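Remember, it's a predicted structure, so these values are computed and weren't measured experimentally.
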Amino acid sequence: MVKVYLAGPFFDKFGIEARRVAQVKAVLSCNETVDTIFSPKDEDVTDPVISQLTFMSAEWQQAVFEHDLEGLLAADVLVVIADSETNMNGSDDGTAFEVGYWYAMNQVQQQANGATPKPVVLLAQSTDKLNLMLAKATTYFTQNLLDLRRLDFNQIPQRDFVGEVN
């Protein structure tokens, strides 16, 4: 059983991205190889400390930043939603940061003790092209949401993104 960190945009004004995150989280929760799912969209609003802070205050921002980094550090697998309603190149700023942080964290651990890199599973249902850095950091690429229900997260195969990058 693995711990998943679910990265993806959820701030568009129509709520499409937030519904997409909820849908992906629901599918992941049906996967027998997934133990827990950390989704900043949900975790940050339910955290007892963060929920008491004024939204977007300096203290709130710092607490969210630290809380999300703790979630990344505790996870075994990073699941990335690349579809964005506001950025059509397959990422948003926060998601790109999370992937970059994850990748760098893995590189440091691999160099320090020879650890196997923790995988990145990337879902892109409507994005035709990806940012080059996201594409190359990906272990397993899919366009099919239901793949996340069937995927054995204990043994994730290599499945590269094949398509246009920018």
Side-chain angles (χ1 to χ4, degrees), residues 2-25 27-28 34 36-45 47 50 55-56 58 60-111 115-145 147-148 151 153 156-166:
V2 300
K3 297 176 184 171
V4 168
Y5 184 102
L6 178 56
F10 53 89
F11 290 112
D12 70 296
K13 64 182 179 180
F14 300 111
I16 295 168
E17 294 171 343
R19 287 191 297 278
R20 186 180 296 126
V21 170
Q23 184 180 35
V24 171
K25 187 176 179 182
V27 169
L28 287 169
V34 173
T36 59
I37 304 161
F38 182 102
S39 170
K41 177 189 154 305
D42 300 323
E43 299 292 330
D44 292 340
V45 296
D47 181 80
I50 295 172
F55 182 68
M56 286 300 185
W60 181 90
Q61 292 175 34
Q62 187 63 38
V64 166
F65 179 76
E66 291 173 8
H67 190 242
D68 291 356
L69 291 182
E70 289 169 7
L72 281 165
L73 290 169
D76 302 308
V77 177
L78 177 64
V79 173
V80 178
I81 301 169
D83 299 311
S84 171
E85 297 306 308
T86 56
N87 189 348
M88 301 317 277
N89 74 345
S91 70
D92 75 335
D93 295 343
T95 304
F97 172 85
E98 290 161 330
V99 173
Y101 186 88
W102 182 266
Y103 189 83
M105 179 178 69
N106 276 310
Q107 292 298 308
V108 168
Q109 290 176 351
Q110 188 174 25
Q111 290 173 3
T116 303
K118 295 178 179 182
V120 174
V121 174
L122 191 139
L123 171 67
Q125 293 176 287
S126 63
T127 300
D128 293 327
K129 62 182 177 178
L130 286 179
N131 174 282
L132 168 69
M133 302 305 275
L134 292 180
K136 292 303 177 186
T138 298
T139 308
Y140 182 90
F141 173 80
T142 186
Q143 293 178 297
N144 185 347
L145 175 60
D147 283 350
L148 300 181
L151 182 63
F153 278 85
I156 298 173
Q158 184 71 40
R159 186 198 275 179
D160 296 332
F161 170 74
V162 178
E164 186 179 349
V165 296
N166 56 7

Practice task
Could you pull out all residues at least two apart from Thr142 that satisfy side chain to side chain donor-acceptor pair (under 3.5 Å)?
Solution key: Asp147
Flag, side chain of [X] to backbone of [Y], donor-acceptor distance under 3.5 Å:
| X | Y | value |
| --- | --- | --- |
| Lys129 | Asn166 | no |
| Gln61 | Met56 | yes |
| Gln158 | Thr139 | yes |

Heavy-atom closest contact ([X] atom, [Y] atom, distance):
| X | Y | answer |
| --- | --- | --- |
| Leu134 | Ala96 | CD2-CA, 4.4 Å |
| Gln125 | Leu145 | NE2-CB, 3.5 Å |
| Ala137 | Val99 | CB-CG1, 3.8 Å |
| Gly8 | Glu98 | N-OE1, 4.2 Å |
| Asp76 | Pro119 | O-CD, 3.6 Å |

For the side chain to side chain contact (heavy atoms under 4.5 Å, CB included) test, which of [options] pairs with [X]?
| X | options | value |
| --- | --- | --- |
| Leu148 | Leu6, Val34, Leu28 | Leu28 |
| Leu73 | Tyr5, Tyr101, Trp102 | Tyr101 |
| Lys3 | Val77, Thr36, Ile37 | Thr36 |

Problem - Side chain proximity check, Asp160 to Phe141, heavy atoms < 4.5 angstrom - result: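 No - every pair of side-chain heavy atoms lies 4.5 Å or more apart.
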Problem - Val121 and Val4, any side-chain heavy atoms less than 4.5 Å apart - result: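 No, too far: nothing below the 4.5 Å cut-off.
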Nearest 0.5 Å, please: how far is [atom2] in [Y] from [atom1] in [X]?
| X | Y | atom1 | atom2 | answer |
| --- | --- | --- | --- | --- |
| Gln143 | Leu122 | CD | CG | 10.0 Å |
| Glu70 | Glu43 | CD | CD | 11.5 Å |
| Lys118 | Ile156 | NZ | CD1 | 12.0 Å |
| Leu78 | Asn106 | CG | CG | 9.0 Å |
| His67 | Ile50 | NE2 | CD1 | 5.0 Å |

Handout entry: CZ/Phe38: more than 12 non-hydrogen atoms of other groups inside 6.0 Å
Key = yes
Exercise for the section: Test side-chain contact (heavy atoms from CB on, under 4.5 Å) on Thr95 and Ile81 and set out the steps. Expected result: CA-CA 8 Å; Thr95 304; Ile81 301 169; over 6 Å; no
Practice task
Please step through side-chain contact (heavy atoms from CB on, under 4.5 Å) for the pair Phe153 and Tyr140, ending with a clear verdict.
Solution key: CA-CA 10 Å; Phe153 278 85; Tyr140 182 90; over 6 Å; no
